[in-house]
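Written below as structure tokens is the structure these notes are about.
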Amino acid sequence: MRAAHAFNAFTALSSRETGKFLRQKGRLFSALVRPALWLLVFAAGFQNVFGVAVIPPYESYIEYEVYLAPGLLCMVMLFNGMQSSLTMVYDREMGLMRLLLTAPLPRWYILFCKLLAGTLLSLVQVYSFLVICWLFDVDLPLWGALTALPAFVLSALMLGSLGLLLSIAVKQLENFAGMMNFVIFPMFFISPALYPLWKLEEAGAEVVFQIAQYNPFTYAVELVRFSLYGQLNVQALAVVSAAFLVFFLMAVWGYDPQKGVVARRKG
């Protein structure tokens with residue numbers, strides 16, 4: 001695979017995804033309205049309900065909206081990961097995906113280019129939401145925008161890989177919305193995005209607490225939360241990295257016409 005050929009393929013795929021994003025003028029707005037409403041309404045309503053103790057990475061008591069912000073940043077990436085995989089289902093229905101996968105490039109590279117394009121869009125939306133947080137005086141460190149960049153990229157890759165994997169199992173475009181809700185909301189609510197997990201254990205919700213320990217979104221939230229303060233959560237880094245590799249490799253296998261789901265459907 002020549003470097004120039006590979007770069008041209010990445011440029012073509014990323015410009016296609018970016019062009020679709022720019023043409024859908026309401027997409028960025030809708031992507032930001034959802035977490036903004038959570039930030040303004042949910043945080044205001046539950047400010048005095050969810051008291052947050054002094055836990056790492058925080059060195060003092062914080063306002064609830066400060067605790068909520070990393071989870072909402074990850075929610076932006078989660079929704080965009082699902083939205084990007086929706087385009088995979090659409091392209092497959094329209095026959096475009098078949099043309100892409102028959103290009104003279106390794107299949108894993110084509111899928112990785114699609115994944116990188118979705119990650120770039122996630123970063124645009126994440127940093128746009130960070131600006132909203134600062135405009136509404138959410139006390140997040142400005143330098144956290146730089147220290148959290150690797151965490152944003154890795155989390156977006158992991159969540160985008162999950163969406164890529166789910167797109168294999170969805171046969172029709174109409175079924176994807178149900179699949180998204182089935183995945184997004186359990187992942188979001190059974191995580192430390194809205195409240196510390198120790199509160200679940202303290203409340204006696206032991207089953208939910210244990211499920212949250214196996215939720216990859218839990219570790220994406222913690223990775224982002226620590227990185228915003230220039231700290232590294234080694235466990236979260238390891239889990240998110242491993243989940244990204246597993247999801248992506250399974251997606252590559254699933255899109256292989258000789259081995260994966262595509263082959264079984266043809267059979």
Does the side chain of Phe247 reach to within under 4.5 Å of the side chain of Leu159, using non-hydrogen atoms? no
Separation of Leu245 CG from Ser161 OG (nearest 0.5 Å): 8.5 Å
CZ/Phe244 to CE/Met158 distance, rounded to the nearest 0.5 angstrom? 10.5 Å
For the backbone of Ala220 and the side chain of Arg225, can you confirm whether one donor and one acceptor N or O come within less than 3.5 Å of each other? no
Rounded to the nearest 0.5 Å, what separation is found between the CD atom of Gln83 and the CD1 atom of Ile184? 9.0 Å
Walk me through it: do Glu222 and Gln235 pass the test side-chain contact (heavy atoms from CB on, under 4.5 Å)? CA-CA 9 Å; Glu222 290 302 291; Gln235 181 187 22; over 6 Å; no
Going from CG on Leu140 to CD1 on Ile62, what distance comes out if it is rounded to the nearest 0.5 angstrom? 9.5 Å
Treating Tyr67 as the side-chain partner and Pro192 as the backbone partner, does any N or O pair qualify as donor plus acceptor under 3.5 Å? yes
Could you tell me which non-hydrogen atom of Leu157 sits nearest to which non-hydrogen atom of Thr119, and how far apart they are? CD2-OG1, 3.3 Å
Quick one, Leu223 and Ser155 - any side-chain contact, counting heavy atoms below 4.5 Å? yes
Quick one, Leu162 with Val183, criterion side-chain contact (heavy atoms from CB on, under 4.5 Å). Give me CA distance, side-chain angles, the key distance, then yes/no. CA-CA 10 Å; Leu162 176 60; Val183 172; 4.2 Å; yes
State yes or no: do Leu123 and Leu146 share one hydrophobic cluster built from I, L, V, M, F, W and Y residues joined by side-chain heavy-atom distances below 4.5 Å, directly or via other members? no
Nearest heavy-atom neighbours spanning Gly71 and Ala193: CA-CB, 3.8 Å
If you group Ile, Leu, Val, Met, Phe, Trp and Tyr by side-chain heavy-atom gaps below 4.5 Å, do Leu249 and Tyr109 land in one group? no
Within the distance-only criterion (no hydrogens, no angle test), does the side chain of Tyr64 pair as donor or acceptor with the backbone N or O of Tyr195 below 3.5 angstrom? no
Student check: side-chain heavy atoms of Leu237 and Leu154 closer than 4.5 Å: yes
Run the ring-centre check on Tyr127 versus Phe152 and record whether the distance is less than 6.0 Å. yes
Roughly how far apart are Glu206 CD and Ile211 CD1, rounded to 0.5 Å? 11.0 Å
Single-linkage hydrophobic cluster, 4.5 Å side-chain cutoff, Phe217 and Tyr214 together: no
Does the Thr218 side chain pair with the main chain of Gln213, one donor and one acceptor, at a distance under 3.5 Å? no
Do the side chain of Asn80 and the main chain of Gln125 share a donor and acceptor less than 3.5 angstrom apart? no
Using only atom types and a distance under 3.5 Å, with no angle test, would you say the side chain of Ser167 pairs donor to acceptor with the backbone of Leu164? yes
To check you understand the geometry: which heavy-atom pair defines the closest contact between Tyr229 and Asp139, and what is its length? OH-O, 4.0 Å
Is Leu130 reachable from Phe226 through a run of I, L, V, M, F, W or Y residues, each pair having side-chain heavy atoms under 4.5 Å apart? no
Going by heavy atoms in the side chains, are Asp137 and Glu65 under 4.5 Å from each other? no
Which heavy atom of Leu228 sits nearest to which heavy atom of Ala148, and what is that distance? CD2-CB, 3.7 Å
Do Ile168 and Leu166 have side chains that approach each other closer than 4.5 Å (heavy atoms only, starting at C-beta)? no
Decide yes or no on side-chain contact (heavy atoms from CB on, under 4.5 Å) for Leu39 and Cys133, but give the supporting numbers first. CA-CA 8 Å; Leu39 181 66; Cys133 291; 4.0 Å; yes
Is there a path of hydrophobic side-chain contacts, each under 4.5 Å between heavy atoms, that joins Tyr219 and Leu149? yes
Does Asn215 reach the main-chain N or O of Ile190 with its side chain, forming a donor-acceptor pair under 3.5 Å? yes
Taking the six-membered ring for Trp, are Phe248 and Phe112 parallel (under 30°), tilted (30 to 60°) or perpendicular (over 60°)? perpendicular
If you look at every heavy atom in Leu72 and Phe129, which pair is closest and at what distance? CB-CE2, 3.7 Å
Where does the angle between the aromatic ring planes of Phe189 and Trp38 fall among parallel (under 30°), tilted (30 to 60°) and perpendicular (over 60°)? tilted
Contacts of Gln231 that satisfy side chain to side chain donor-acceptor pair (under 3.5 Å) - sequence neighbours left out: none
Nearest non-hydrogen partners of Thr147 and Ser227, listed with the distance: OG1-O, 2.6 Å
